[in-house]
Undergrad: 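Quick one: the structure is below, questions incoming.
Quick caveat, the model's predicted, so the values are computed rather than measured. Atoms within each ligand, like the ligands themselves, are counted from 1 in listed order.
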Amino acid sequence: MAELIDHPCVQHKLAIIRAADTGHKRFRELSTEITKFVCYEALKNIKTKQVTVETPVAAASCRKIDTDIVVIPILRAGVGMLEGILELVPTARVGFVGLYRDEVTKLPVTYYERYPPQIEGGTCIVIDPMLATGGSTAAAIDLLKAKGADNVVVVCIVTCPEGIELVESAHPDVRIYAAAIDEKLNEKKYIVPGLGDAGDRLFGTSH
Ligand code: PRP
Ligand code: URA
């Protein structure tokens, strides 16, 4: 299931990050800012436990997070979302999965994997700004599940119906949170209107 974060603060930032004339410095800042909002929503259902805290006045019944949170950016563009989620959950652990889309087949190729053991039993948050065909995200979830993860959430900035469908059919247990669900993919499997090549725009590697 996919959830759109349709809040005006998110949508305003999305309008700026999409613009072709937004440079890599601003693109990175906006990626962090948008991620924080989307992750805030994505974490609303995580496990908590009841605790009692002594305030200066009396005992208060409170809730604390009761799960190990492991953030897994898909290299490279997922790194652009890492700061945003770590601002929200500074104690989160971080694993990495390196995947790139083959330029001809558009299928994901895995080149790196390194995870903390807490992916087993914890809550895994896969981050990647673009969920296009969904191939990279579905492959990352396959890899995590193969290592014992059984509670995975996906956070992206922009996705589209094709990508959501692929991830949902491969992993019906995984919830997707996005700042935008765009219209479609073009012939190059880019999201339309999307925001272009997120990795290049984040890291200034185009032109
Ligand atoms: C981009 C993006 C996703 C993937 C999305 O990465 O960051 O990982 O494409 O496409 P998909 O849903 O069709 O799989 P890319 O392969 O360009 O690698 P990069 O992050 O290293 O630039
Ligand atoms: N990867 C990107 O960076 N952008 C797209 O639109 C699709 C895949």
Side-chain angles (χ1 to χ4, degrees), residues 1-2 4 13-24 26-28 30-32 34-35 38-39 42 71-85 94-115 124-145 152-172 174-207:
M1 150 144 197
L4 173 68
K13 291 175 191 299
L14 192 62
I16 305 169
I17 202 171
R18 281 189 195 271
D21 62 357
T22 296
H24 59 270
R26 193 70 192 114
F27 193 96
R28 273 202 289 266
L30 287 159
S31 177
T32 297
I34 293 169
T35 300
V38 180
C39 286
V71 182
I72 300 102
I74 300 181
L75 302 175
R76 188 183 44 139
V79 172
M81 298 174 73
L82 188 55
E83 193 180 330
I85 187 163
V94 182
F96 291 93
V97 56
L99 291 171
Y100 68 88
R101 280 204 323 184
D102 181 276
E103 286 194 1
V104 178
T105 65
K106 308 297 179 198
L107 293 172
V109 179
T110 308
Y111 61 88
Y112 188 77
E113 279 187 274
R114 187 87 199 253
Y115 314 113
C124 298
I125 318 283
V126 173
I127 52 173
D128 191 327
M130 309 308 283
L131 197 166
T133 64
S136 303
T137 296
I141 301 168
D142 285 339
L143 295 167
L144 286 167
K145 286 186 173 174
V152 182
V153 174
V154 169
V155 175
C156 60
I157 294 181
V158 184
T159 187
C160 60
E162 292 97 320
I164 293 171
E165 214 175 294
L166 187 136
V167 174
E168 276 183 351
S169 59
H171 300 288
V174 172
R175 221 177 158 100
I176 301 166
Y177 293 85
I181 301 177
D182 280 3
E183 195 192 327
K184 59 179 182 184
L185 295 172
N186 66 14
E187 61 295 342
K188 291 182 175 164
K189 304 292 182 197
Y190 270 69
I191 299 174
V192 181
L195 45 74
D197 187 308
D200 281 348
R201 295 199 63 190
L202 270 165
F203 300 117
T205 44
S206 57
H207 314 303

Undergrad: Show me a pair-per-line table, with atom names and distances to 0.1 Å, of protein N or O atoms that are under 3.5 Å from an N or O of ligand 1.
TA:
from: ligand 1; atom 1: 7 (O); to: Asp128; atom 2: OD1; distance (Å): 2.9
from: ligand 1; atom 1: 8 (O); to: Asp128; atom 2: OD2; distance (Å): 2.4
from: ligand 1; atom 1: 12 (O); to: Ala132; atom 2: N; distance (Å): 2.8
from: ligand 1; atom 1: 12 (O); to: Thr133; atom 2: N; distance (Å): 3.1
from: ligand 1; atom 1: 12 (O); to: Gly134; atom 2: N; distance (Å): 2.9
from: ligand 1; atom 1: 13 (O); to: Arg101; atom 2: NH1; distance (Å): 2.7
from: ligand 1; atom 1: 13 (O); to: Thr133; atom 2: N; distance (Å): 2.9
from: ligand 1; atom 1: 13 (O); to: Thr133; atom 2: OG1; distance (Å): 2.5
from: ligand 1; atom 1: 14 (O); to: Ser136; atom 2: N; distance (Å): 2.9
from: ligand 1; atom 1: 14 (O); to: Ser136; atom 2: OG; distance (Å): 2.5
from: ligand 1; atom 1: 16 (O); to: Arg101; atom 2: N; distance (Å): 2.7
from: ligand 1; atom 1: 20 (O); to: Arg76; atom 2: N; distance (Å): 3.1
from: ligand 1; atom 1: 20 (O); to: Ala77; atom 2: N; distance (Å): 3.1
from: ligand 1; atom 1: 21 (O); to: Arg76; atom 2: N; distance (Å): 3.3
from: ligand 1; atom 1: 21 (O); to: Arg76; atom 2: NE; distance (Å): 3.2
from: ligand 1; atom 1: 22 (O); to: Arg76; atom 2: NE; distance (Å): 3.2
from: ligand 1; atom 1: 22 (O); to: Arg76; atom 2: NH2; distance (Å): 3.0

Undergrad: Near ligand 2, which protein residues have a heavy atom under 4.0 Å away?
TA: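 Heavy-atom contacts below 4.0 Å: Arg101, Met130, Ala132, Lys189, Tyr190, Ile191, Gly196, Asp197, Ala198.
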Undergrad: State whether the side chain of Thr32 and the backbone N or O of Glu83 hold a donor-acceptor pair below 3.5 Å, judged by distance alone.
TA: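 No; zero donor-acceptor contacts below 3.5 Å.
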Undergrad: Does any N or O in the side chain of Ser31 come within less than 3.5 Å of the main-chain N or O of Gly80, such that one atom is a donor and the other an acceptor?
TA: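 Yes, the answer is positive, given that a donor and an acceptor are paired below the 3.5 Å cut-off.
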Undergrad: Of Ile176, Asp142, Ile164, Val167, which meets side-chain contact (heavy atoms from CB on, under 4.5 Å) against Thr137?
TA: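 Looking at Ile176, Asp142, Ile164, Val167, the match for Thr137 under the side-chain contact (heavy atoms from CB on, under 4.5 Å) is Val167.
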Undergrad: Tell me, with the steps shown, if Val152 and His171 meet side-chain contact (heavy atoms from CB on, under 4.5 Å).
TA: CA-CA 9 Å; Val152 182; His171 300 288; over 6 Å; no
Undergrad: Do the side chain of Arg201 and the main chain of Gly196 share a donor and acceptor less than 3.5 angstrom apart?
TA: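 No.
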Undergrad: I'd like to know if the side chain of Arg101 reaches the main chain of Lys106, judged simply by a donor and an acceptor atom lying under 3.5 Å from each other, with no hydrogens or angles considered.
TA: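 No, the answer is negative, given that no donor and acceptor are paired below the 3.5 Å cut-off.
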Undergrad: Report the distance from atom CG of Leu82 to atom OG1 of Thr35, rounding to the nearest 0.5 Å.
TA: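 One finds 9.5 Å between CG of Leu82 and OG1 of Thr35.
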Undergrad: Short question: side chain of Thr22, backbone of Arg18 - any donor-acceptor pair under 3.5 Å?
TA: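 Answer holds: no.
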Undergrad: Check the surroundings of atom CD in Glu162: do more than 12 heavy atoms from other residues, nucleotides or ligands lie under 6.0 Å from it?
TA: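 Correct, the count exceeds 12.
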